[in-house]
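Throughout, a chain's letter reflects where its sequence line sits, starting with A, and its residues are numbered from 1. All heavy atoms count here, side chains included; hydrogens, waters and symmetry mates do not.
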Protein chains: 2
Amino acid sequence: MSQTIQRAATVLELVSIRPRTQSEVAEVLGVHRSTALRILGTLGESGLVRRRPDGTYGVGYRLTWFASLASEQFELRDLARPRIAELGAECGHTVHLAVLEDDRIVYADKIDQPGTVRMYSQIGQPVRLHTSGVAKAILAHVDAEVLERMLDGYAFERFTSTTLTSRGDFDDDLAAVRQRGWASDDGEFEDFINCVAMPVRGPDSKVIAAVSITALRAQAELDELEGLLPRLAQVCEGISKSIGWRP
Amino acid sequence: MSQTIQRAATVLELVSIRPRTQSEVAEVLGVHRSTALRILGTLGESGLVRRRPDGTYGVGYRLTWFASLASEQFELRDLARPRIAELGAECGHTVHLAVLEDDRIVYADKIDQPGTVRMYSQIGQPVRLHTSGVAKAILAHVDAEVLERMLDGYAFERFTSTTLTSRGDFDDDLAAVRQRGWASDDGEFEDFINCVAMPVRGPDSKVIAAVSITALRAQAELDELEGLLPRLAQVCEGISKSIGWRP
DNA sequence: AGTATGTGTTGCAGTATGCGCAACAGTGGT
DNA sequence: ACCACTGTTGCGCATACTGCAACACATACT
C-alpha cells in the first residue's frame, strides 16, 4: 500500500466532509505543514481539491465530474435504489445496501430518514463483519474458502455486552442465519441500535449483497423490526430478480 | 508536485471514463504492471476504486460518496445551474460556466444539448486561456498583477488561422472585450466551433466567473450567437446578483 | 489437450521521490 | 504591535516507491 496515496485519499475524505485549512490537514495526517501543502497542491493541480476564496481547501469540480462520469458503473446500486428508497419511506427507518467486493463488504447505499439520527455507516467504507446485519447476511452464504480468507486474522472485538467475540459463536450465528434466512444486529456494535438484514443474490444465485433495516432501539425494538421481514424479503427478491436471479 | 498522487489522479480519471484492466492502467501511466496494481490496490483500500466482477477496475462507492458529501460546497455552481440550464434549453446550444480559481480558470459546469456533438470541455479541467471565450471574459477584468501571473510563461500556441498568437494581440483583444462587455471564441481552438461569453461578478464586483454559449459553426455562426448577448447578459447578471453583487 | 494471453502475487535491490526542516514574507484579526 | 496562520522555498536525507523476474492461476481459443 502506498502511504502517499493513502494520505491523498484521507485528504479527499477530510475536504469532502467540509472545507479544511492546511493546518487541519497537516494535523489529521500527522505530517509537516509543507508536506500537507504539497499533497493539497498536487490534488489541486489534478482538480480533485480546490482552494476556496476563504483560504480553506474543499473538493474540486473534477471529483464531482468523475463521480458523474462513473454514475453508470453502479448497476446493482442503481437497480436497488428505488426499491430501498420505497422500503425506507414505508418503514420510516434507515435502510442500507451493502455489497461483497472480493474479500470485503462495503456499504453501497443508504436511505436516511429525515429527522432521525444519522447512522454511523459511511458509503464506500468496509462493514464491520462480526456486528453488522448486512455482513452476517452475506457471510452466512459465501463459500467456505471465501469466509476463511475474510476471517483470517479477524479480531472479534467486543463493543457491547451482546457482541459475538469468538469465531465459534460467530459460526453458530451464521448457521442460524442460514437456517432462518435473515441476520440481525442486536445492539452488537452500539447497544442503542439494532437491525435486521437479508441477502441479495446474483444471476448465479450466489449472495453478492444484502439489505438491512436499521433503527434506534428507542424507535423500534428488534422484534418490531422482525415484523418487517416479509417486506424486506420481498425487496431483496425484487433486487435479486432485477439483476438476473431466478429462483 | 507528487508524481505518485498525480498517477493516482490519472487512474481515477481513467476508471471514471470507463472501467479498465490493470494492463490498460499500466500502459497509460507508463509504469510496470506491479506498480499499477499497487496504485490500484491502495485506491481500492481507500474505496476510490473497486474491482468489478469482470476483473476490470472501476470507480469505488467512496468516490461517489465524497462527491455527494461535498455537493454543498459548490455554491456558485449551484446558484448558476438553474439559470444556465434555462438558457441552454432556450437557445439549444451548449452553455458553460467557468470559474477563476487562484491563478487559473476551470470549467465548473456545462449544459449539453441532446442530439448535439459533445464539446471538448471537461469539468474541473483548466480552460485554455487564449482561445476560450470564458477565459477572455474573465481575464479582461482581472487585476493587472493577476493577469501577469497567469500569463507568465504562457504559450500562445496556434490552433487555427484565427488563433491569437502574441501577447500584444491578446492584450488588444482583452481591451476590446473590456470595452464591449463580452468575449468570443471565433473558431480559435477548433475552427468549427464558436462561442460568446460574458463575465459573472462577485459581491465585491470583481469578476470571478463567466458563462458562454457555444455552438458548432454549422449550427450557428458567431453573429447569430451575438444575437443572444442580451439574454446572456441577463443570465450573468442574475447569477451575479444571486451571489451578492449589486450594480 | 495444448497454447497464448492476461492476471495476481511477491521478495528484493536500488534509487528516485517525498519528506521534514527552517527561515522568510505576507495577511488578517485583535 | 503582536499573534496566529498561510504560502514559499531550497536542501539533505531517509525511505517509500519502483522495476524486475518468476511463478501460479484463469480464461479463451484452437
*Check the distance between C:dG18's C1' and B:Ile39's CD1 and give it to me in whole angstrom.*
15 Å
*Over how many whole Å does the gap from B:Arg7 atom CZ to D:dG19 atom C1' extend?*
11 Å
*If you round to the nearest 0.5 Å, how far is CD of A:Gln6 from CG of A:Leu29?*
11.0 Å
*Distance in angstrom units between A:His32 NE2 and C:dT17 C1', rounded*: 18 Å
*Which whole-number value in Å describes the distance from B:Gln22 CD to C:dT5 C1'?*
12 Å
*Donor + acceptor pair across side chains of B:Thr35, B:Arg7 (<3.5 Å)*: no
*Which whole-number value in Å describes the distance from A:Arg51 CZ to C:dT27 P?*
12 Å
*asked:* Is any side-chain heavy atom of A:Phe156 closer than 4.5 Å to one of A:Asp169?
replied: no
_Base of C:dG8 paired with side chain of B:Arg33 (donor-acceptor, under 3.5 Å)_ = yes
*Report yes or no: is there a donor-acceptor pair, N or O only, under 3.5 Å between the side chain of B:Arg38 and the base of D:dG19?*
yes
*Could you state the CD1-C1' distance from A:Ile5 to D:dT18, rounded to the nearest angstrom?*
12 Å
*Just how far, in rounded Å, is P of C:dT9 from CG of B:Leu37?*
7 Å
_To the nearest 0.5 Å, what is the distance between CH2 on A:Trp65 and OH on B:Tyr107?_
12.0 Å
*Given DNA chain C, 5'-ward residue of the pair A:Gln3 and B:Tyr57, judged by closest heavy atom*: B:Tyr57
*Between B:Lys136 and B:Leu174, is any pair of side-chain heavy atoms under 4.5 Å apart?*
yes
*Hey, is the side chain of B:Thr35 pairing donor to acceptor with the base of D:dC17 inside 3.5 Å?*
no
*Tell me what A:Ser34 touches on the nucleic acid: a base, only sugar-phosphate, or nothing, going by heavy atoms under 4.0 Å.*
base
_Looking at A:Thr4 and D:dC17, is any side-chain donor or acceptor paired with a base atom of the opposite kind under 3.5 Å?_
no
*Rounding to a whole Å, what distance do you find between A:Glu27:CD and D:dC5:P?*
10 Å
